[in-house]
Amino acid sequence: MSKIVLSLPGGMIKTGVSGAFISLVCYVLLQFLSAFLICREIAGEEMIYPMVCLSAGISAFAGCWYGTVCSKTGGVLGAATVVIVFLALTLAIGLLCGKIGAVGNGLVGVGVSMSVGGLAAALFSAVKGKGTGVKR
């Protein structure tokens, strides 16, 4: 294993994988919802890419929220671990299914959406956690 993986606090890998799995399940469900909206012509076909980016951001937020709540080290490290694992899983599945992993197909926008969702979860958990401390 690499030095970075070995230097992570205990339980961070398990939290990252669990958060990424939650993100992946949310992403697939939101993609089914997007496909349903487009199939029923509620949303136009030009909305496919924005819906993919939006669902990537929302699902990254959900998984990173889990990662920040379960992580004892802090929000940013827990969220970053979840986003990295989630992006790696999404990229691996995309490469296995076809030429989805090409940069021209919008992978950069999806990656940025995942990063923004993870950062939003980390910032939200940091702001939310300030008022919950026990006064001594």
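Checked against side-chain hydrogen bond (donor to acceptor under 3.5 Å, both in side chains), S113 has no partners two or more places apart in sequence or in another chain.
Here the closest non-hydrogen pair linking I22 and Y66 is CD1-CG, 3.6 Å. Taking every heavy atom of both residues into account, Y27 and S55 meet most closely at CE1-OG, 3.6 Å. The minimum heavy-atom distance linking V82 with G19 is given by the pair CG1-C, 3.7 Å. Of all heavy-atom pairs spanning A20 and V85, the tightest one is CB-CG1, 3.4 Å.
Note: I84 CD1 to M114 CE = 12.5 Å, rounded to the nearest 0.5 Å. Interatomic distance, I38 CD1 to E45 CD, rounded to the nearest 0.5 Å: 7.0 Å. Rounded to the nearest 0.5 angstrom, I42 CD1 and F36 CZ are separated by 5.5 Å.
Taking the six-membered ring where tryptophan is involved, the planes of F61 and F124 are tilted, since the angle between them lies from 30° to 60°.
Counting only heavy atoms from C-beta outward, the side chains of L29 and L33 never approach each other to under 4.5 Å. Residues V83 and C64 are in side-chain contact: their nearest non-hydrogen atoms beyond the backbone lie under 4.5 Å apart.
Hydrophobic clustering (side-chain heavy atoms under 4.5 Å, transitive across Ile, Leu, Val, Met, Phe, Trp, Tyr) keeps F21 apart from L30. One hydrophobic cluster holds both I48 and M51 under the rule that ILVMFWY side chains link at heavy-atom gaps under 4.5 Å.
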